[in-house]
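Here is the naming used below: chain letters follow the sequence lines, and residue numbers restart at 1 for every chain.
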There are 2 protein chains.
Amino acid sequence: MEKQTITIYDVAREASVSMATVSRVVNGNPNVKPATRKKVLEVIDRLDYRPNAVARGLASKKTTTVGVIIPDVTNIYFSSLARGIDDVATMYKYNIILANSDENGQKELQVLNTLLAKQVDGIIFMGNQISTNMRSEFARSKTPIVLAGSVDSDEEIASVNIDYIAAVEEAVSTLIRHGNKRVAFVTGNMDQPINGLYRLNGYKKALAKAGLPFDEKLVFETEYSYKAGEAIWPEIKATDATAAVVGDDELAIGLLNGAGDDNAKFPDDFEIITSNDSKLTEMSRPKMSSITQPLYDIGAVAMRLLTKLMNKEEIENQTILLPYGIVERGTTK
Amino acid sequence: MEKQTITIYDVAREASVSMATVSRVVNGNPNVKPATRKKVLEVIDRLDYRPNAVARGLASKKTTTVGVIIPDVTNIYFSSLARGIDDVATMYKYNIILANSDENGQKELQVLNTLLAKQVDGIIFMGNQISTNMRSEFARSKTPIVLAGSVDSDEEIASVNIDYIAAVEEAVSTLIRHGNKRVAFVTGNMDQPINGLYRLNGYKKALAKAGLPFDEKLVFETEYSYKAGEAIWPEIKATDATAAVVGDDELAIGLLNGAGDDNAKFPDDFEIITSNDSKLTEMSRPKMSSITQPLYDIGAVAMRLLTKLMNKEEIENQTILLPYGIVERGTTK
DNA sequence: CTGTTAGCGCCTTCAG
DNA sequence: CTGAAGGCGCTAACAG
């Protein structure tokens with residue numbers, strides 16, 4: 001009365017061939033006479049046989065599933081990447097094991113281990129901190145890994161991103177060109193290279209290019225959330241900043257609304273350029289000006305790259321930079 | 001030079017015990033003398049042995065992974081549920097294979113099949129249409145299934161939801177109490193029971209209770225997207241509706257902004273109550289009044305229910321209804 | 001083109 | 001409490 005599974009052996013018997021032959025037709029091996037192929041296919045259909053992927057995985061050492069470590073699916077930035085990943089994965093017959101990490105080193109390590117235990121063929125990692133532990137685990141396991149929307153300052157690990165430095169520099173330059181002498185830099189954890197290194201550098205470069213001084217008081221470190229954005233407005237208001245580049249769209253909308261609720265007028269009183277151009281940017285009023293980046297494509301390209309790695313193809317360039325841009329909507333003059 | 005895996009056998013040899021014993025300690029079987037357990041554990045640690053989940057799955061017929069079919073991770077409503085699912089899954093040592101279906105029957109079936117091929121221990125299904133094909137597949141496979149935020153009008157399949165009928169009825173009644181005689185009903189595909197049956201019924205009940213006539217002209221069927229919301233405003237404006245209940249938050253924000261851009265004032269000119277109380281509702285200006293429902297919990301409870309099913313525990317009630325409410329924010333008087 | 005034969009790495013009786 | 005032995009369902013040489 002247990003879940004009665006029908007195996008390759010049953011098919012073989014019914015079709016009067018060996019299981020090897022059945023295996024061949026199931027795997028599309030051309031070395032099968034059309035007639036017997038047809039016969040086997042019929043039996044497969046009649047018995048409603050479905051190959052057991054686990055057994056296959058054990059025998060072939062390939063599971064056709066990849067692990068995806070994501071900070072939080074609930075964040076539109078990451079879920080957009082995830083969607084791209086899944087679509088391309090499906091295209092290449094892979095499935096995705098999704099695991100939320102909250103960018104918590106402990107959890108990331110934990111998750112990485114169970115993913116490896118499950119013998120995933122590859123891993124896509126999102127999250128901006130690559131801890132030393134992670135790095136060594138990555139190195140030790142022979143499992144291919146690609147970072148999506150996450151930088152590895154050492155460029156040892158394959159990754160797909162945009163040029164954060166240049167993008168932020170351009171965003172800040174735009175703000176400066178609009179007449180802002182004091183531009184706030186608002187983003188997440190500065191320990192993460194994407195913030196503390198890349199984005200901050202872009203910010204400083206723009207300042208330098210315009211002959212403007214860098215002032216630590218204009219740097220705001222917080223978390224990526226709507227609430228955090230609302231909460232930080234008073235602090236920004238207390239400075240003489242007249243504009244801000246913001247590292248996350250939810251954070252930016254929080255800031256926008258916090259300021260709006262405080263009667264600030266956009267873009268006259270204050271200008272904002274956010275970073276991810278997620279669909280949230282079109283939902284606010286005014287709509288948000290933003291650095292544009294192809295979120296879906298970052299995920300898609302990362303997955304595509306991973307398939308190549310899993311396939312042991314030669315890769316010319318491990319770190320891919322996708323094009324970015326700046327779109328000016330309602331929060332800039 | 002291949003990926004050098006160390007197996008249970010290596011551990012057994014190093015610890016001078018049989019692989020059966022190693023298996024026992026790995027699986028927490030109590031029938032192992034503390035001393036030998038300790039010895040084995042040491043070797044495991046030293047060799048950095050990691051049990052192969054695929055082999056384990058084949059031998060034990062349990063993969064400790066569940067499949068999650070989701071319309072689109074990018075939709076905040078579904079990703080909120082997904083987060084609840086993943087957290088509880090992790091809590092119970094399960095992993096999640098996430099697959100986007102776009103609520104496309106074809107894809108759903110496709111995905112269901114590969115999920116079953118991968119021998120998932122259970123499935124959580126999101127998406128509002130349970131096609132006949134799906135239903136028969138569900139029935140045929142002995143794999144436990146739970147619907148999350150998705151109704152099965154026959155109540156044959158386990159599910160976790162809120163009482164959509166009552167919730168919409170209350171929302172519409174609220175609008176009527178505010179003086180609106182003409183309330184628009186705006187939602188997604190009416191072929192889906194959640195819309196065409198449950199929500200619509202709630203809408204009609206509220207109308208009936210207030211002695212108001214049902215008018216098909218006030219029923220707007222569209223898709224769950226921001227754009228669709230913006231696009232439908234002109235149509236609604238062309239009627240004499242003064243308020244609307246909307247089936248999805250993105251759709252509602254689109255409507256709100258579409259109307260706002262057309263100089264409609266909320267809540268004086270028009271009132272809106274949306275349905276999901278996702279974090280988007282706090283991001284709009286004015287903030288959106290909404291039916292409240294515990295998104296995260298719906299996912300979490302669904303996953304919890306699934307663990308019971310997978311564990312063959314007796315279930316008292318297959319269809320769980322979680323509490324809902326109405327929160328009035330800026331889009332209602 | 002097709003069948004035979006070994007495993008893949010682990011769990012699970014069944015003895016001892 | 002521990003070891004031996006037989007699969008789980010399928011792939012992958014290796015013969016023919």
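We find that NZ of B:Lys118 is positioned 16 Å from C1' of D:dG9, with the value rounded to whole Å. For the pair B:Tyr9 OH and D:dA5 P, the interatomic distance rounds to 12 Å; values are reported in whole Å. When rounded to the nearest whole Å, the span between CZ of A:Arg37 and P of C:dT2 equals 9 Å. Counting to the nearest Å, the P atom of D:dG9 and the CZ atom of A:Arg13 are 13 Å from each other. Atom CZ in A:Arg50 sits about 14 Å away from atom P in D:dG9, given to the nearest Å.
Looking at heavy-atom distances under 4.0 Å, A:Val54 makes no contact with the nucleic acid at all. Across all strands, A:Asn31 comes closer than 4.0 Å to base atoms (heavy-atom distances).
Judged by distance alone, the side chain of A:Thr63 and the main-chain N or O of A:Gln119 form a donor-acceptor pair under 3.5 Å. A distance-only check finds a donor-acceptor pair linking the side chain of A:Ser150 to the backbone of A:Ala148 [under 3.5 Å]. At least one donor-acceptor pair under 3.5 Å links the side chain of B:Asp152 to the backbone N or O of B:Ile157.
Between A:Thr7 and the phosphate of D:dC8, there is no side-chain N or O to OP1/OP2 separation shorter than 4.0 Å. A close approach under 4.0 Å does occur between a side-chain nitrogen or oxygen of A:Lys61 and OP1 or OP2 of C:dG9. Dashed line: the shortest gap from a side-chain N or O of B:Thr21 to OP1 or OP2 of D:dG3 is under 4.0 Å.
A side-chain N or O of A:Asn113 and one of B:Arg50 form a donor-acceptor pair less than 3.5 Å apart.
Closest heavy-atom contact between B:Leu147 and B:Ala302: O-CB, 4.5 Å. Considering every non-hydrogen atom in both A:Lys107 and A:Asp102, the closest pair reads NZ-OD2, 2.7 Å.
The nucleotide whose nearest atom lies closest to any side-chain atom of A:Leu58 is, among C:dG9, C:dT2, D:dC1, C:dG9.
Between A:Glu42 and A:Lys38 a salt bridge is recorded (basic side-chain N to carboxylate O distance below 4.0 Å).
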Protein-to-nucleotide contact annotation, 5' to 3' order, nucleotides 11-16 of chain C [B base; S sugar-phosphate only; - none; under 4.0 Å, heavy atom]: BB----

